[in-house]
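Heads up, the thing below is written out as structure tokens.
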Amino acid sequence: MRKTTQPSRRGRTKTGRRHPLATVALIAIGLMMTGGAYAAINAGTATADTDINTQVNIDEGAKLFQANCATCHGMEADGTVDAPSLVGVGAASVDFQVGTGRMPMQMQGPQAQQKPVQFTDLQVKQLAVYVGSLAPGPGIPDAQYLTGDGDLANGGELFRINCAMCHNVAAAGGALTQGKFAPPLAGVSAVHKYEAMVTGPQNMPVFNDLVITPTEKSDIISYLQHLEAAPSAGGFGLGSIGPVSEGLFLWIFGLGSIVALTIWITARSN
Amino acid sequence: MNTVTTTGQTRTAAAPREGGFTAAAAGYIDDRTKISVVVRDYGRKIFPDHWSFLLGEVALYSFVVILLSGSFLTFFFQASMTQLVYDGSFVPLKGITMSAAMQSTVDISFDVRGGLLMRQVHHWAALLFVAAIGLHMLRIFFTGAFRKPRELNWVIGFVLFILAMAEGFTGYSLPDDLLSGNGLRIIDGMVKGIPIIGTWTSFLIFGGEFPGEDIVGRLYSLHILFLPALVVAFIALHLLFVVTHKHTQFPGAGRTQDNVVGYPVMPVYAAKAGGFFFIVFGVIMLISSLFSINAVWVYGPYDPSPISAGTQPDWYIGFLDGALRLVPPGWEFVWLGFTWSFNILMPMIIIGIFIAVVMFYPFIEGWITGDKREHHLLDRPRNAPTRTAIGAAGVTFYAVLWAAASSDLIATHFHLAIEGVTHTLQALLFVGPLIAFVLTKRTCLALQRKDRSIALHGYESGRIVRLPGGEYIEVHQPADEYQKWELVSYNEYKPLMLRPNAEGKITMAERTRAGLSRWFFEDRIAPASQTEIEASHGDHH
């Protein structure tokens, strides 16, 4: 108290009231605090998997599971005649199926259709950690593989060799047997693409880390993100499904407009 | 000829005095080329005016566009399968091993100024070329323009259609991308499916085991040299025949077998045709600058292991692909130590028969009808119900095969099971043409009946009149004379009589012919005769 009052009494000018470097120090402290907080929050999201893997969340997940999933998958997630056991499918599988709206399933059919997501992000994660806690299985992928800055050429080649036979080279989707299908990949988030590769949802095969390494998965994701974001070089892509849409377009709009013009050219003026 | 020579000489003498430079230049050219003879003989040639008569021109003009854009592409394309590592400006392919053909195609797309536009012009124009030929052929068929004396020109035109498909196939196989390689693999499989000689033929074509290193170079020679030369030769022949036969016209007042009503080539028709060339060119340019076609850089270089979902050929090869897709399983067996692949042979046989029937249809119909007259007036489709119905059945057959080529896309886009789509199309391949035949024939006959009633009684005016006796009648508005002419002036064919030949025998061929002729003409509506029209006057019912 004395110390603070003393300088004010003593000081003739206001300039001498603070140390010359006080402003700089204040800014530095402010920046460090903001940056630190930002980094802490950022790190928090980056390591959400570990952070969220708490007993509270697992318990919450169990409750959500019993309320929403147990009818088909059983109270202990060990399966019934209607649905398979989820013991050992891993958190990644639940995060994909529930996070893309495929589960809870709308109806029995050749495969689960996508529909609006029914849970909040936190609830999806709680369900995931609950199922993940039942037995070891693929976890939610590390953020370092989801950045989309992998090797495009390698990703493209891997995609054409491993994925294009079902998903089409332009990732426009394709037909499988008995009404099943490989969906188009536009609009699928990086984390869901990764989870689909490691867990093989619906009719998709599993591409584990021995078949396609995490770095290669990251390359494929990067290529797909590039394919989706890059503008079509030649103009409108007509759905990127190749010669069928090109042929239909040509017959309907190309030849259609030509025929209209022949009628115009041969029309008699009234 | 003599008179022309004399007038030419007179004009040459008079030219410097009278017309100045233009006349002098014209005289100079005429003295050396006799162009005035051409103008005299062909410049006054009359072409009738109807929109459907321009479809062949659309094909011709798109071919010109194909030649122009194709020449540009040859400056940059390398028809070689030497493996290189791509190092162009398209990042997602950098460092990928590909053939020189593929690399030069990607370079044309991204590193040659205007290259991508020219590629798209070439490809879109090719699709339009074959489509215009198809529509032109349908017009010829349904109006009966293939009848004597034009049967041979139909065959020439059909050969052009086949050549156009061959041009298309050799063309889209050149870039050596994944899609073209998959297409070639199917051809390879079909060749290998031929019993005994199949494998050897495949090795001959590909220079060893598929894909080899030769095929792109060989296809290139066919695509830019052999096939275009044939196409140009057949187009010249086709047009020569059109000029020799003169153009057909639709029936109408003042139009007969011996005249052509329309515009002379010079100046009206030439101006219209010239303008129309630029319109077709413009439409192709517009489509090519706005819509992407065959993005080879997405398909990536050819490699025999991968294939893309939704792999289809260009539309005109689609019916062949569809035929393969519709074959039920289990049609392959081993006999005498050879594998007999009827899953491949059967589609080839059926398509072969289909193509032969279409190609020789004019002769088949001529034989059945026994009609040896020349025809320069077209039939309205309804006035030849059986032919129109046959055409509709053929179109349906083709359309089902065509749809089958996109069975997987039909399944995904309409949320169906692909097996359901395939089974439906298998049934439709046989049932569809029958349904189309019956429906079309009945529709034609109904339309003929309507024509007849309009010729005899006129149109219903909707005006109800009460007569003094209390009777109500609807007043009919008679058709005008020009329209009546169109409604009643068509040939009425009758089934051929079965007659013994010179030796007094009825041959099996004659019996078949009479049977087919009865099938062709037993259901018919006779055009209203003059007597009937006169008798109907004053009859307002």
Side-chain angles (χ1 to χ4, degrees), chain A residues 110 151-157 159-162 164-170 172-184 223 226-227 230 232-251 253-255 257-259 261-268, chain B residues 49-55 58 91-96 109-110 116 120 124 127-128 131-132 135 178-179 272 275-276 279-280 283 287 289-295 297-300 303 305-315 318 405-409 411-412 415-420:
Chain A
D151 183 346
L152 291 183
N154 189 38
E157 195 167 30
F159 181 77
R160 284 190 291 272
I161 292 171
N162 295 288
M165 74 262 296
C166 299
H167 286 288
N168 166 300
V169 279
L176 303 174
T177 54
Q178 306 292 349
K180 294 170 283 194
F181 61 93
Y223 177 72
H226 167 85
L227 205 60
S232 163
F236 295 108
L238 301 174
S240 302
I241 50 172
V244 171
S245 56
E246 291 159 6
L248 276 179
F249 179 83
L250 190 275
W251 269 93
F253 296 100
L255 205 56
S257 56
I258 293 271
V259 165
L261 288 165
T262 62
I263 293 170
W264 171 66
I265 267 203
T266 51
R268 286 209 183 82
Chain B
D49 223 13
H50 189 269
W51 69 267
S52 68
F53 299 165
L54 295 182
L55 295 172
V58 176
V91 176
L93 285 178
K94 255 192 199 302
I96 299 279
S109 305
F110 292 110
L116 182 55
Q120 301 200 149
W124 280 120
L127 294 195
L128 183 65
L135 206 57
L178 192 55
L179 188 62
K272 274 196 175 189
F276 189 48
I279 287 177
V280 173
V283 169
I287 292 176
S289 52
L290 290 177
F291 296 95
S292 171
I293 187 164
N294 196 18
W297 53 90
V298 176
Y299 285 100
D303 165 354
S305 61
I307 185 165
S308 166
T311 290
Q312 269 92 4
D314 275 4
W315 77 260
S406 52
S407 54
D408 55 331
L409 292 174
T412 49
H415 297 282
L416 300 165
I418 193 166
E419 290 84 353

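The basis for the numbers below is simple: all heavy atoms, side chains too, and nothing from hydrogens, waters or symmetry mates. Note on naming: letters A, B, ... go to the chains in the order of the sequence lines (proteins, then strands), and numbering restarts at 1 for each one.
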*What part of A/Thr177 is in contact with chain B, defined as an atom under 4.5 angstrom from a non-hydrogen atom: side chain, backbone, both or neither?*
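For A/Thr177, heavy atoms of backbone and side chain both lie under 4.5 Å from chain B.
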*A/Ile263 versus chain B, heavy atoms under 4.5 Å apart: side chain, backbone, both or neither?*
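When you check distances to chain B, atoms from both the backbone and side chain of A/Ile263 fall under 4.5 Å.
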Which portion of [X] sits near chain A, non-hydrogen atoms under 4.5 angstrom:
X: B/Ile307; value: both
X: B/Val298; value: both
X: B/Phe110; value: side chain
X: B/Leu128; value: both
X: B/Gln120; value: side chain
X: B/Ala295; value: neither
X: B/Leu116; value: side chain

Separation between [atom1] of [X] and [atom2] of [Y], rounded to the nearest 0.5 Å:
X: A/Ile258; Y: B/Ile287; atom1: CD1; atom2: CD1; result: 7.0 Å
X: A/Met165; Y: B/Ser305; atom1: CE; atom2: OG; result: 7.5 Å
X: A/Thr266; Y: B/Phe276; atom1: OG1; atom2: CZ; result: 9.0 Å

Are [X] and [Y] close enough that some pair of their side-chain heavy atoms sits under 4.5 Å apart?
X: A/Thr262; Y: B/Phe53; value: no
X: B/Ser406; Y: A/Leu248; value: no
X: B/Leu135; Y: A/Val259; value: yes
X: A/Leu261; Y: B/Val280; value: no

With chain A, which of [options] has the greatest number of heavy-atom pairs at distances under 4.5 Å?
options: B/Ala309, B/Ala417, B/Ser109; result: B/Ala309
options: B/Ala411, B/Gly310, B/Ala131, B/Pro306; result: B/Ala131
options: B/Val283, B/Asp303, B/Leu178; result: B/Val283
options: B/Ile293, B/Ile418, B/Thr412, B/Val58; result: B/Ile293

Which heavy atom in [X] sits nearest to a heavy atom in [Y], and how many Å separate them?
X: B/Asp408; Y: A/Ala175; result: O-CB, 3.5 Å
X: A/Pro243; Y: B/Gln312; result: CG-O, 3.1 Å
X: A/Gly235; Y: B/Ser292; result: O-CB, 3.7 Å
X: B/Lys94; Y: A/Ala153; result: O-CB, 3.1 Å
X: B/Tyr299; Y: A/Gly242; result: OH-CA, 3.6 Å
X: A/Glu246; Y: B/Trp124; result: O-CZ3, 3.4 Å

_For chain B, the option from A/Ser240, A/Gly237, A/Ala164, A/Pro110 that forms the most heavy-atom pairs under 4.5 Å_ =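 Option with the greatest count: A/Ala164.
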*Heavy-atom pairs under 4.5 Å with chain B are the metric here; pick the option from A/Leu227, A/Leu255, A/Ile161 that has the most.*
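Going by pairs under 4.5 Å, I would pick A/Leu255.
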*Would you say A/Glu157's side chain and B/Ile96's backbone share a donor-acceptor pair under 3.5 angstrom?*
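Checked: no pair found.
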_Can you tell me how the ring of B/His415 sits relative to the ring of A/Phe181, calling it parallel under 30°, perpendicular over 60° and tilted otherwise?_
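Geometry flag for A/Phe181 against B/His415: perpendicular rings.
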*Look at the rings of A/Trp251 and B/Trp315 and say which category their plane angle falls in: under 30° parallel, 30 to 60° tilted, over 60° perpendicular.*
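Plane angle over 60°, so perpendicular.
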*Go through B/Leu127 and A/Phe249 one step at a time and tell me if the side-chain contact (heavy atoms from CB on, under 4.5 Å) criterion holds.*
CA-CA 10 Å; B/Leu127 294 195; A/Phe249 179 83; over 6 Å; no
